[in-house]
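Worth saying up front: this structure is predicted, and the values here are computed from it rather than measured.
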Amino acid sequence: MQMPHAFDEPAYRCITEAVRAGPWRDLLEPLLRPMPVTSALKYSRLLAVRVRHLDIWETVYHLLLRGPDPVAAWMRASALAPFLRRLSDEETRAAFYEEYRRPRRPVPYPEDRPRWGGRSFRFGGFLIAQGPVMRS
């Protein structure tokens, strides 16, 4: 089982900021989830009593994204999609997306132009592998 573990990354935290910064707050705030995935340690404690053997590890992927504002484009097609769908018209969707992209914080994803012309986007995840389930 693989669980995403990137919700503490700046690209995800900025969603909350954008939701709370505009006239769409009441409409979009119910879509916010504080932390939809818990820590690997908590999952290991939950699963350890149900299996004979448990391996758990975390990994971080570094996606190499290209194009203008590639991290925002990646998020638009993934985590921002439910928020954008909730908004009724294209003008409001564009305003929300621009609010998300607004540079009110340091850029957490370094540009690497000399080598390949894009940005490195950290995307965390952890993988849990378990053996046979113990029967009561």
Side-chain angles (χ1 to χ4, degrees):
M1 167 174 87
Q2 182 170 336
M3 302 289 289
H5 203 246
F7 300 103
D8 215 19
E9 285 290 319
Y12 287 87
R13 289 193 315 263
C14 292
I15 293 172
T16 301
E17 293 176 28
V19 164
R20 292 182 175 155
W24 44 72
R25 181 178 183 153
D26 290 341
L27 184 63
L28 298 182
E29 207 165 28
L31 296 177
L32 292 174
R33 294 180 292 162
M35 187 59 74
V37 177
T38 192
S39 72
L41 179 61
K42 287 183 182 176
Y43 282 113
S44 70
R45 288 177 179 155
L46 288 171
L47 294 170
V49 297
R50 294 187 162 84
V51 297
R52 292 191 182 119
H53 174 77
L54 179 67
D55 290 321
I56 186 167
W57 65 92
E58 292 187 71
T59 189
V60 175
Y61 305 99
H62 290 269
L63 304 175
L64 304 178
L65 305 176
R66 293 186 179 150
D69 205 352
V71 173
W74 173 274
M75 295 298 288
R76 182 179 192 142
S78 58
L80 283 173
F83 298 93
L84 293 165
R85 279 194 302 268
R86 177 68 62 97
L87 298 169
S88 61
D89 62 273
E90 187 55 43
E91 184 178 318
T92 307
R93 283 190 289 275
F96 173 71
Y97 184 61
E98 287 307 310
E99 182 64 36
Y100 173 77
R101 293 177 62 215
R102 206 176 102 198
R104 62 177 160 251
R105 62 221 152 250
V107 176
Y109 304 102
E111 198 164 14
D112 190 9
R113 292 226 178 264
R115 291 193 36 217
W116 56 276
R119 294 197 184 272
S120 175
F121 177 54
R122 284 176 45 97
F123 187 81
F126 57 85
L127 193 66
I128 301 170
Q130 65 185 52
V133 175
M134 293 189 303
R135 302 283 179 218
S136 310

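- Of all non-hydrogen atoms in I56 and A40, the two that sit nearest each other are CD1-O, 3.0 Å.
- The two residues R20 and E29 make their nearest non-hydrogen contact at NE-OE2, 2.8 Å.
- Atom OG1 of T92 is separated from atom CD of E99 by 13.0 Å, given to the nearest 0.5 angstrom.
- Between the side chain of R86 and the backbone N or O of L28, no donor-acceptor pair lies under 3.5 Å.
- Here the closest non-hydrogen pair linking W24 and A18 is NE1-O, 2.9 Å.
- Taking CZ from F83 and CE from M75, the interatomic distance works out to 9.0 Å, rounded to the nearest 0.5 Å.
- No continuous path of hydrophobic side-chain contacts links Y43 to V60 [ILVMFWY only; heavy atoms under 4.5 Å].
- Rounded to the nearest 0.5 angstrom, R45 CZ and L54 CG are separated by 12.5 Å.
- Annotation: side chain of Y100 is not in contact with side chain of V19 (no heavy-atom distance under 4.5 Å).
- Smallest separation of non-hydrogen atoms from Y12 and A79: CE2-CB, 3.5 Å.
- Scanning all heavy atoms of the two residues, the minimum distance from A72 to L80 falls at O-CD1, 4.5 Å.
- Rounding to the nearest 0.5 Å gives a distance of 11.0 Å between CG of L87 and CZ of R85.
- Taking all atoms of both residues into account, the shortest heavy-atom contact from L84 to R76 is CD1-CG, 3.6 Å.
- Residues passing the side-chain hydrogen bond (donor to acceptor under 3.5 Å, both in side chains) test with E91: none are found, sequence neighbours excluded.
- The hydrophobic cluster containing L41 does not contain V51, counting ILVMFWY residues as joined when their side-chain heavy atoms lie under 4.5 angstrom apart, directly or transitively.
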